[in-house]
Amino acid sequence: MSKMLKIGDEVMWRGDFGMASPKRVKVIGIEITNGGKYGDQVDEVPWSKVTGRNVTVDLDNDKWAYAEQIRRI
């Protein structure tokens, strides 16, 4: 299992701020926000940093999510 979340990885995502049923999606963008509104775009981030609202991801289903809404597959 990779220690890094990378663009192109598949993850399990829960929409509706984590309340919807999980769906398998692909990450197409990653931004490290450290809890703020905006952050730095990166190609990968350690999974240890993918918590709460420290990271946002863009998904291939035209949605975005906070780190707390995604899980490794």
Side-chain angles (χ1 to χ4, degrees):
M1 188 176 288
S2 176
K3 293 183 179 185
M4 302 293 282
L5 171 64
K6 302 174 188 170
I7 291 176
D9 284 354
E10 289 189 336
V11 297
M12 293 305 288
W13 161 74
R14 287 181 171 260
D16 296 329
F17 295 96
M19 302 304 292
S21 298
K23 294 182 180 173
R24 190 177 194 131
V25 295
K26 188 180 286 187
V27 175
I28 60 170
I30 304 170
E31 194 169 320
I32 299 173
T33 63
N34 294 315
K37 187 172 182 178
Y38 301 104
D40 298 314
Q41 290 184 343
V42 296
D43 293 330
E44 62 182 19
V45 62
W47 270 105
S48 61
K49 302 281 186 189
V50 183
T51 62
R53 295 188 176 194
N54 291 330
V55 172
T56 60
V57 292
D58 294 317
L59 306 170
D60 68 345
N61 62 352
D62 294 324
K63 304 288 185 184
W64 64 273
Y66 290 116
E68 64 194 17
Q69 294 175 261
I70 63 170
R71 298 287 176 259
R72 292 185 214 199
I73 294 179

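Both backbone and side-chain heavy atoms feed into the values below; hydrogens, waters and symmetry mates do not.
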Taking ring pair (Phe, Tyr, Trp, His ring centres under 6.0 Å) as the cut-off, I'd like each qualifying pair that reaches into residues 23-61, sequence neighbours left out, listed once. none

Under the ring pair (Phe, Tyr, Trp, His ring centres under 6.0 Å) definition, can you give me all pairs with a residue in residues 51-73, not counting sequence neighbours? Trp64-Tyr66

Pairs meeting criterion salt bridge (charged side-chain N to carboxylate O under 4.0 Å, His left out) with involvement of residues 55-67, two or more places apart: none

Enumerate, atom names and distances included, each donor-acceptor pair closer than 3.5 Å involving a side-chain atom of residues 17-32, sequence neighbours excluded.
unit_1: Arg24; atom_1: NE; unit_2: Glu10; atom_2: OE1; d: 2.7
unit_1: Arg24; atom_1: NH2; unit_2: Glu10; atom_2: OE1; d: 3.2
unit_1: Glu31; atom_1: OE2; unit_2: Gly39; atom_2: N; d: 2.7

Could you list all the salt bridge (charged side-chain N to carboxylate O under 4.0 Å, His left out) pairs where at least one residue sits in residues 33-57, not counting sequence neighbours? Arg53-Glu68

Met12: which other cluster members, linking ILVMFWY side chains closer than 4.5 Å, directly or transitively? Ile73

Which residues share a side-chain contact (heavy atoms from CB on, under 4.5 Å) with Ala65, sequence neighbours left out: Trp13, Val57, Leu59, Gln69, Ile70

Thr33: which residues meet the side chain to side chain donor-acceptor pair (under 3.5 Å) condition with it, sequence neighbours left out? none

